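A short write-up of the structure that comes next.
What you see is a predicted model; the values in this text were computed from it and never measured. Below, chains carry the letters A, B, ... as their sequence lines are ordered, and counting in each starts from 1.
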Amino acid sequence: GNSVTQMEGPVTLSEEAFLTINCTYTATGYPSLFWYVQYPGEGLQLLLKATKADDKGSNKGFEATYRKETTSFHLEKGSVQVSDSAVYFCALRQAGTALIFGKGTTLSVSS
Amino acid sequence: NAGVTQTPKFQVLKTGQSMTLQCAQDMNHNSMYWYRQDPGMGLRLIYYSASEGTTDKGEVPNGYNVSRLNKREFSLRLESAAPSQTSVYFCASSEGAGGGGSSYGYTFGSGTRLTVV
C-alpha cells in the first residue's frame, strides 16, 4: 500500500542554517504530495504542495520538488529562523483516498 | 474565519466512560476526517466521510464510531474508553475525496487532548 517515510528527528540547527528534511514515498499511480507544519499546541497547517512530477511547491521560504524518479519530496529552506521550530509532516494523497502522513520530523532552531 | 472547530479542547475520562468529540466546519467542504496523533506514530486515520451521508473506516477504527450529522458536522464517539485511546484527536475537512480532488489539502482543527485513566 501507499506509505510515506521521513527522516527521523529531532533536527537541531542554529539560526540561519540550511535545512533539509528528507521524505520518500511509495505509491501506485501519481499522488499529490504535501508538507504540513505543526506548531506547539496547535493543529496542522498546510505548508506547501505539488501535484505532479517536477512541480516545485514553495511557501514562507520553504520549498520542495516532486521527484518521481527518486519518489522523493524533500523539504528545504535556505536560512531557518527560531520561529520555524515545529514538527513537519510529509504526506501524500491519491485519487479516492485520504491523506497518508509520515511520522513527522521535529525541528528545533536556536539563536 | 473559523475553519474547523473542535470541542472540547481537553478531556479526562475514566476507563469505561463514553464521550463524543464534536467537529464542525464552515467552508462547505464535502469531506471530513478524524485522525489520532500519538508520539512517534504520526497521524493515523480513524474514520472519514467522503460526503454527507457516507462514512468509512480508516486505519485504526476499533473502539470508535462516527456520525456525519450534516454537511458541516462530523462527530467521533468513544463508547467505552480505554487507556490506549489516550491521544490527541484531530478533525479535518477538504473540498474533495478523490479523482481530481486528490490535489486538495486538508484544513485541520486545533485538536482535542484526551486522557483516559
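Closest of all the heavy-atom pairs between S72(A) and Y25(A) is N-CE2, 3.6 Å. Taking each heavy atom of G9(A) and T105(A) in turn, the nearest pair found is CA-CG2, 4.2 Å.
Side chains of S87(B) and D38(B): a donor-acceptor N/O pair is present below 3.5 angstrom, by distance only. A side-chain donor from one of R77(B) and S18(B) sits under 3.5 Å from a side-chain acceptor of the other.
Between the side chain of Q81(A) and the backbone N or O of S83(A) there is no donor-acceptor pair closer than 3.5 Å. Between the Q6(B) side chain and the C91(B) main chain, a donor and an acceptor come within less than 3.5 Å of each other.
For R44(B), no part sits under 4.5 Å from any heavy atom of chain A, backbone or side chain. Both the backbone and the side chain of L43(B) have a heavy atom closer than 4.5 Å to some heavy atom of chain A. With a 4.5 Å cut-off on non-hydrogen atoms, E59(B) does not touch chain A at all. Heavy atoms of Q38(A) lying under 4.5 Å from chain B belong exclusively to its side chain.
Within residues 45-55 of chain A, the residues having any heavy atom less than 4.5 Å from a heavy atom of chain B are, in residue-number order, K49(A), T51(A).
Between Y106(B) and Y33(B), the distance from one ring center to the other falls under 6.0 angstrom.
For the pairing with Y88(A), the ring-ring contact (aromatic ring centres under 6.0 Å, His included) check across Y36(A), W35(A), F34(A), F62(A) returns one residue only, F62(A).
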